[in-house]
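For reference, the structure is listed below as structure tokens.
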Amino acid sequence: MTLQAIEPAAAIELLASRLAPIGTEELATPDATGRVLAREVRLDRDSPACDVSAMDGFAVSAEELTAGVLPIVGECRIGEAPETLPAGSALRIYTGSPVPDGADAVIRLEHVIESEGSITLIKGKSVRAGEDIRRRGENAAAGSVVLSPGIELTAAAIGAVATVGLTVIPVHRRLRVTVITTGNELAQFGEGELKPWRLRDSNGPALAAMLGAAPWIESVRRMHANDSLDSLKMAISLGLGGSEAVVLTGGVSKGAYDFVPDAVRAEGGDVLFHRLRARPGQPTLGAIAGGKPIIGLPGNPLAVLTAGRRVLAPLLKRLAGLATFDPPASHVTLNAWSGKPLPLTWWRPVTLTAPGVARLAALQGSGDVCGPAMSDGFIEVPPERADAGPYSYYSWRI
Ligand SMILES: Nc1nc2c(c(=O)[nH]1)N[C@H]1C(S)=C(S)[C@@H](COP(=O)(O)OP(=O)(O)OC[C@H]3O[C@@H](n4cnc5c(N)ncnc54)[C@H](O)[C@@H]3O)O[C@H]1N2
Ligand code: MOO
């Protein structure tokens, strides 16, 4: 069966729509950092839960302080129930202390003169009702949604989870991914002198580096298959058995020894796309078997990086439970364009040189491992464009 070449975004959408997020587990809140939240989090009480001072100073009646001198008659301690402010007086107050009943403003320390146990406004300063008071519920009211499911738990999110009082939180389990390298040309461990027609595996380590850094990936298991249908079938079967996603590199194109498409189908894979309208990475294949994605990346090292980052990574994010699995990219402008336009999407490695500015990496083609080595990521050049951009930019970090 020949499938039409498809746009990268459409390929992601097609396969993502067939994937369900992995199951969940409960973790102690701080241990969930970087993990994908699996429930909605709502505020259990108003934030703040009572009126509190925003500054160190004095709780007063704005009208009374504006009118003259106020004796300091006590203090509002932080962490203790609100005091009552007697009429015609001031209470010391600290950032976060509950505002006493009877006060309608906080005047900060540096705006008053304190003398003989009383305060007066410094000349030129004024005080208004409501000043420097954080009102109960002004951040958010009890019951409001603070976090939606499917977000990655950042430091800010963990703070919110903790403030709601959740000591354990449901998150999606982490993915186990199997990466299968293919090809009889790859050197074996301990092979000794490397003949020029043999080569070291760079795709396996590059993919393990890209995927293994994600906090929602548990493990990247590496396997190797020879260029034979049986060897590939065995590796795919083992991969499907022990992980949530299987990624292959090489053997996916049109050569006599490119058995990946047949092996994927033989192992029950429903091939949804096989060829992207994008380069490098054109022969990329996407399939689903038993609800698990199988992604066949090409063998060329740059194609592995670009299609891995642009197509594989969003699909794994979807599987990991991330709601925004193909987020909008940031943009960079090139310091200079070079090259003739292509009739398809062109992924070109770049190095960032200033905020929002990038330089094209010098490289020979998609078989060049060294050219992209110092790049930060790549730009996505739409078909027929041949100018300095701006273009969508994808970092190698997923
Ligand atoms: N007649 C056609 N030939 C090719 C086409 C085509 O459309 N028609 N597409 C080309 C494109 S584009 C690409 S990309 C490559 C991809 O081919 P495969 O996915 O089948 O990959 P292989 O042939 O197995 O390997 C390609 C290249 O990559 C090297 N390689 C493979 N694995 C590794 C690894 N783990 N580490 C480092 N390098 C690896 C391999 O030795 C080959 O040099 O096909 C074009 N051909
Ligand atoms: O598209 Mo291949 O992916 O030239 O390298």
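Both ligands and their constituent atoms are indexed starting at 1 by order of listing. Quantities reported herein were computed from a predicted structural model and do not represent experimental measurements.
Atom numbering of ligand 1 starts at 1 in the shown order; those under 4.0 Å from a heavy atom of Pro298 are 14 (S), 16 (C), 19 (O). Under a 4.0 Å criterion applied to the non-hydrogen atoms of Pro280, ligand 2 contributes the atoms 1 (O), 3 (O), 5 (O). Heavy-atom contacts of Leu199 reach the following atoms of ligand 1: 37 (C), 38 (N), 41 (O) (cutoff under 4.0 Å).
Compare Asn300, Val304, Leu186 by their heavy atoms: the one nearest to atom 27 (C) of ligand 1 is in Asn300. Closest heavy-atom approach to atom 42 (C) of ligand 1 within the set Arg275, Glu185, Lys254, His224: this belongs to Glu185. Considering each of Asn184, Asp201, Leu297, the one bringing a non-hydrogen atom nearest atom 35 (N) of ligand 1 is Asp201.
Residue Gly367 places no heavy atom under 4.0 Å from ligand 1. Between Ser202 and ligand 1 there is a heavy-atom distance shorter than 4.0 Å.
Taking the ring axis of Trp337 as reference, the NZ or CZ atom of Arg348 stays within 45° of it and closer than 6.0 Å to the ring centre.
Closest protein heavy atom to atom 3 (O) of ligand 2: Gly281 N, 2.4 Å. Looking only at heavy atoms of the protein, atom 18 (P) of ligand 1 is closest to Gly251 N, 3.5 Å. Looking from atom 5 (O) of ligand 2 to the surrounding protein, the closest heavy atom is Ser366 OG, 2.5 Å.
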>> Would Arg310 and Asp326 count as a salt bridge (Lys or Arg N to Asp or Glu O under 4.0 Å) here? Give the steps.
In response: CA-CA 9 Å; Arg310 186 66 189 94; Asp326 186 15; 3.0 Å; yes
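A salt bridge between Glu244 and Arg176 is present, with a side-chain N of the basic residue lying under 4.0 Å from a carboxylate O of the acidic one.
Residues Asp56 and Thr95 have side chains that bring a donor and an acceptor to within less than 3.5 angstrom of each other.
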